[in-house]
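Following: one structure in structure tokens, then a few remarks.
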Amino acid sequence: MAIDRLLRNRKRDLEVERTRYENVAAELRSQLGSQPPTDGRFWETRSRDSEIEFVHAQIERFSDASDEVLIVGDSVVVHQFLTVIEPLERWLESVANGSIRVHILLSEQLSDEGDQLLQLLRATGQSVETRLHPSVTANFDLIDQRDLYLYVTDPFARSRPLGTIHVTEDALIEELIDEFTAYWREAETLPESM
């Protein structure tokens, strides 16, 4: 009986300790969600919670842009934007009243859920220029031609990101702007309906 009682007490103590650690971990995750990554470059966004936190923070960064936001993407971008549709809609509405330029270059081969994003973009009118190109297979955002966010695709789930890398290297950004410009010229404007 003494051994059984000791075992029960020890299990209860361990369960209390486990719960305490889980609560501390949850609190730390919520504090780190919109903060820059610890190494200054990479955000892991494989879990749904971390993905949503990152996209919310990214939309805030879009809102802070002073000149231009370029968004290039395929189904990964569609998936991410549709996980936070209300903040996205609010940002797109604010763009209509602001002075920044927004250019979105999307793949012609979007997933089925891409129709919902395209409908939303059509509703923005002239405030957001959207074009489609058959060769878009990468995903990135460029804010004010100085903050580049490259999305790393999850190797086991093609429509989801593994994480995002923040790049501020001028030479790489200039090359991507040149390539974006070339693709933009070739791309088709977003049709009224698909």
Side-chain angles (χ1 to χ4, degrees), residues 18-19 21-62 69-89 91-92 102-121 130-143 147-169 171-173 175-177 179-180 182-184 186-188 190 194:
R18 183 178 136 229
T19 302
Y21 280 119
E22 287 173 349
N23 290 339
V24 168
E27 184 179 329
L28 287 174
R29 276 192 205 102
S30 71
Q31 292 173 1
L32 294 175
S34 60
Q35 303 253 340
T38 54
D39 64 1
R41 293 195 173 263
F42 185 78
W43 281 273
E44 179 274 324
T45 57
R46 193 170 196 198
S47 75
R48 180 156 174 81
D49 289 342
S50 62
E51 179 182 21
I52 289 171
E53 288 173 16
F54 174 79
V55 179
H56 275 281
Q58 194 68 350
I59 290 173
E60 287 179 28
R61 285 185 278 275
F62 293 164
V69 174
L70 304 180
I71 299 170
V72 176
D74 58 14
S75 294
V76 172
V77 163
V78 170
H79 173 81
Q80 282 197 315
F81 280 157
L82 293 180
T83 61
V84 293
I85 195 74
E86 289 177 19
L88 176 64
E89 286 175 329
W91 174 67
L92 290 171
V102 177
H103 294 105
I104 301 176
L105 182 62
L106 296 173
S107 170
E108 286 182 348
Q109 290 81 35
L110 296 176
S111 64
D112 291 338
E113 59 184 4
D115 289 341
Q116 185 181 355
L117 178 63
L118 294 178
Q119 283 299 105
L120 180 61
L121 293 172
T130 304
R131 295 187 183 180
L132 303 174
H133 195 286
S135 299
V136 171
T137 58
N139 299 278
F140 72 84
D141 304 324
L142 180 59
I143 302 172
D147 288 300
L148 174 65
Y149 297 87
L150 292 170
Y151 294 81
V152 179
T153 304
D154 188 328
F156 299 107
R158 176 71 181 105
S159 66
R160 295 179 57 92
L162 177 67
T164 305
I165 302 168
H166 180 208
V167 179
T168 55
E169 184 182 326
L172 177 59
I173 289 172
E175 283 181 39
L176 281 176
I177 290 171
E179 289 181 41
F180 176 89
Y183 274 74
W184 185 258
E186 296 173 359
E188 299 290 327
L190 185 61
M194 292 190 81

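Keep in mind that the numbers below use all heavy atoms, side chains included, and drop hydrogens, waters and symmetry copies.
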So which atom in H56 and which in P87 form the shortest heavy-atom distance, rounded to 0.1 Å?
CE1-CG, 3.2 Å
Contact check, side chains of T168 and H166, non-hydrogen atoms, under 4.5 Å
yes
Working to the nearest 0.5 Å, report the span between CG of L190 and CD of Q119.
8.5 Å
For the residue pair T137 and D74, what are the closest heavy atoms and their distance?
O-OD2, 3.3 Å
Nearest heavy-atom contact between S107 and L132 is O-CD2, 4.0 Å
Kindly give the heavy-atom pair with the smallest separation between Q80 and F54, and that separation in Å.
NE2-CD2, 4.4 Å
Would you say E186 has more than 12 foreign heavy atoms packed within less than 6.0 Å of its CD?
yes
Can you find a heavy atom in the side chain of L120 that is under 4.5 Å from one in the side chain of I85?
yes
Please round to the nearest 0.5 Å and tell me the distance separating atom CG of L88 and atom CG of L121.
7.5 Å
As an exercise, state the distance from CZ of F140 to OH of Y149, rounded to the nearest 0.5 Å.
14.0 Å
Side chain to side chain, L106 and L118, heavy atoms closer than 4.5 Å
yes
side-chain contact (heavy atoms from CB on, under 4.5 Å) involving I177 - partner list, sequence neighbours excluded
L142, Q145, I173, T181
How far apart are the closest heavy atoms of L82 and L117, and which atoms are they?
CD2-N, 4.2 Å
Kindly write out the residues that satisfy ring pair (Phe, Tyr, Trp, His ring centres under 6.0 Å) with F180, not counting sequence neighbours, or none if the list is empty.
W184
Which atoms form the tightest heavy-atom contact between F42 and L162, and what is the distance?
CZ-O, 4.3 Å
Close side-chain approach of L176 and L150, heavy atoms under 4.5 Å:
yes
Scan for salt bridge (charged side-chain N to carboxylate O under 4.0 Å, His left out) pairs involving residues 130-141, sequence neighbours excluded, and state none if there are none.
E129-R131
What class does the angle between the rings of F81 and F62 fall in, given that below 30° is parallel, 30 to 60° is tilted and above 60° is perpendicular?
perpendicular
